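Contents: one structure, followed by commentary.
Keep in mind that what you see is a predicted model, and the values were worked out from it rather than measured. Side chains are part of it too, since the values below use all heavy atoms of this structure and drop only hydrogens, waters and symmetry mates.
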Amino acid sequence: MSEKELVVLVARKDPDELEDRFQSSLKELQSLTETADGEVAKIITQKRERVHPATYLGEGKLEEIKQEADDSGAELVIFNDELSPGQLRNISEKVGRRVIDRSQLILDIFASRARTKEGKLQVELAQLQYLLPRLAGQGTEMSRLGGGIGTRGPGETKLESDRRHIRRRIDDIKKRLDAVVKQREQYRKRRKDNRAFQIAIVGYTNAGKSTFFNRVTESQSFEEDLLFATLDPLTRQVSLPSGFQALVSDTVGFIQDLPTTLVAAFRSTLEEVTEADFVLHMVDASHPDHLQQEKTVLKLLEDLGADHLPVLTVYNKKDLLTEDFIPDAYPSLTVSVHDPIDLKRVLNKIERVLQEEWHEYDVFVHASEGKRLQQFKSYSMVTSMHFYEEKEGYALHGFIHPAHPLKHQIL
């Protein structure tokens, strides 16, 4: 295990910003730093109305940061805001050590978490687009870095080479990602043609999405108590209690103030959500700032154009709750995804929510029509089935999606 890097965190509080929101953002920066293998040596905050265009904070504060970093032996300073290329350069000179911002930190974590080829390409694209305007003045710095937080992903040699090289690399990655996106669209089209019903699990990072996904699909998605443990969307089949077959997708965790380059890079991954028929929104109920986290996710869903889909909110980690929990969303459930009974409750609730949206039907299927019977079982929710000997067939009662082609067969 490598030694943790000592870090000084710096945050500016706008006088208009709510204290709770400021504190939760700062706590998140701490978690992000720890996720990136850093150890927080000191946190420095300043109330300041306006950002200094050249140095972000005032001279005196930068002196204090330098002093604190010298005293604690911290080699890295992380700012809780996105800094301009000029600010990064000037602050770095004043404090005499490496400086990165929140966006770079998040990109760095993404770089170490990406598992698939697509995930790695998306992260590299976001990093290069972020670094391009910040290249000037980083040459000497980059060559003496020797690794550390904020330097993972594209190697130093790539960054030292000229902008043309980086632009070429960006174009190359975009072409390769386009091919992956086209392939993904073909998969989606095939799933749509087969009328596969899709459930997307969304939520703030570390809300328990992958744990839930793994338990209900019995698969081995990457599952860890870290921010952004999942970057690559996985899709598996799941059987709901009535026997209805659905596809479940696990998506990347959301976070407030996600760098715009990242949202752009992960667009195709996030678009899995817009293709879904149903959204399962996981919330860490035990998190002190879960309401803000909920709002962040709902805002992102709105930005993606997925806010019209039916949603079930699952408040997870009830085993960590110390007081009575009052849900903010409807419909919702409060569960622990480690509890098998709670997992069944979630699947039952998904069916109940769907039954309110879908059309109720009664249909008679002759015993000789095995294929048709199977179609009703797979593509609709059969809630009861009786065999009538004298009629030699089955009377089915259930619910079906209003737009499903099978609906035309119900007279």
Side-chain angles (χ1 to χ4, degrees), residues 1-14 17-48 51 55-58 60-83 87-88 91-113 127 130 141 145-153 204-207 224-229 253-259 262 284 286-290 292-293 296 320:
M1 187 67 190
S2 61
E3 212 174 299
K4 289 190 183 297
E5 199 169 352
L6 284 174
V7 180
V8 171
L9 300 185
V10 181
R12 175 190 76 94
K13 184 182 184 299
D14 190 297
E17 189 178 8
L18 293 171
E19 186 62 32
D20 283 0
R21 160 94 182 164
F22 177 69
Q23 287 303 332
S24 95
S25 178
L26 197 51
K27 272 204 213 81
E28 197 161 83
L29 188 69
Q30 264 181 283
S31 302
L32 288 165
T33 305
E34 283 155 17
T35 298
D37 260 351
E39 190 177 317
V40 178
K42 183 79 185 166
I43 298 174
I44 296 172
T45 62
Q46 183 179 37
K47 271 195 179 137
R48 186 185 169 97
V51 164
T55 52
Y56 187 75
L57 299 173
K61 207 64 182 172
L62 293 180
E63 256 316 303
E64 185 191 329
I65 293 167
K66 183 181 188 323
Q67 192 57 55
E68 288 290 356
D70 287 346
D71 293 349
S72 62
E75 278 301 302
L76 177 66
V77 178
I78 303 178
F79 277 70
N80 193 27
D81 213 343
E82 194 162 308
L83 300 172
Q87 288 168 343
L88 266 175
I91 296 168
S92 185
E93 277 169 22
K94 296 255 191 268
V95 300
R97 46 191 39 81
R98 280 199 307 125
V99 175
I100 65 169
D101 60 20
R102 183 188 174 92
S103 296
Q104 248 172 309
L105 177 62
I106 293 171
L107 287 168
D108 187 70
I109 294 167
F110 270 56
S112 61
R113 292 268 172 274
Q127 283 183 311
Y130 181 83
E141 255 228 290
L145 283 185
I149 298 171
T151 66
R152 283 180 280 236
Y204 209 76
T205 180
N206 207 24
E224 207 175 321
D225 186 21
L226 284 173
L227 300 176
F228 305 122
F254 296 170
I255 190 167
Q256 60 193 24
D257 311 321
L258 199 58
L262 257 184
D284 175 355
S286 70
H287 196 287
D289 204 31
H290 69 85
Q292 181 59 45
Q293 296 186 345
T296 300
L320 303 178

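Side-chain contact between Gln23 and Glu28 is absent, with no heavy-atom pair separated by less than 4.5 Å. Two residues are said to be in side-chain contact when any heavy atoms from C-beta on lie closer than 4.5 Å; Lys47 and Asp14 fail this criterion. Considering only heavy atoms from C-beta on, Val40 comes within 4.5 Å of Gln30 through its side chain. Between Val8 and Ser72 there is a side-chain heavy-atom pair separated by less than 4.5 Å. Using a 4.5 Å cut-off on side-chain heavy atoms (C-beta onward), Leu57 and Ile65 make contact. Side-chain contact between Glu34 and Glu39 is absent, with no heavy-atom pair separated by less than 4.5 Å. Counting heavy atoms from C-beta outward, Ile44 and Glu68 have side chains that approach closer than 4.5 Å. Side-chain contact check for Gln46 versus Arg12: every heavy-atom pair is 4.5 Å or farther apart.
The minimum heavy-atom distance between Gly73 and Leu6, with the atom names listed, is O-CD1, 4.0 Å. Contact between Gln292 and Arg21 at its shortest, heavy atoms only, is NE2-NH1, 3.0 Å. Between Leu88 and Gln104 the shortest heavy-atom distance is CD1-OE1, 4.0 Å. The minimum heavy-atom distance linking Asn206 with Asp284 is given by the pair O-OD2, 4.3 Å. Minimum heavy-atom separation, Lys4 to Gly38: CD-O, 4.3 Å.
Every residue two or more places apart in sequence or in another chain that forms a side-chain contact (heavy atoms from CB on, under 4.5 Å) with Glu93 is listed here: Arg89. The side-chain contact (heavy atoms from CB on, under 4.5 Å) search around Lys94 returns Thr55, Glu59, Leu62, not counting sequence neighbours.
A salt bridge links Lys61 to Glu64: at least one charged side-chain nitrogen sits closer than 4.0 Å to a carboxylate oxygen.
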What do the steps show when you test Glu82 against Ser103 for side-chain hydrogen bond (donor to acceptor under 3.5 Å, both in side chains), and what is the final call?
-> CA-CA 6 Å; Glu82 194 162 308; Ser103 296; 2.6 Å; yes
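Here CG of Leu29 is found 11.0 Å from OG of Ser24. Values are rounded to the nearest 0.5 Å. If you take NZ on Lys27 and CD1 on Ile43, they are separated by 10.0 Å, rounding to the nearest 0.5 Å. Atom CG of Leu32 and atom CG of Leu9 lie 9.5 Å apart (nearest 0.5 Å).
There is a side-chain donor-acceptor pair under 3.5 Å between Asp71 and Gln67. Judged purely by distance below 3.5 Å, without hydrogens or angles, the side chains of Tyr130 and Asp101 pair a donor atom with an acceptor atom.
The environment of CD in Glu17 is crowded: more than 12 heavy-atom neighbours from other residues, nucleotides or ligands sit within 6.0 Å. Within a 6.0 Å radius of NZ in Lys13, other residues, nucleotides and ligands contribute more than 12 heavy atoms.
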Kindly list each side-chain donor-acceptor pair under 3.5 angstrom involving residues 74-81, sequence neighbours excluded, with atom names and distances?
from	atom 1	to	atom 2	distance (Å)
Asn80	OD1	Arg102	NH1	2.8
Asn80	ND2	Ser25	OG	3.0
Asp81	OD2	Tyr56	OH	2.7

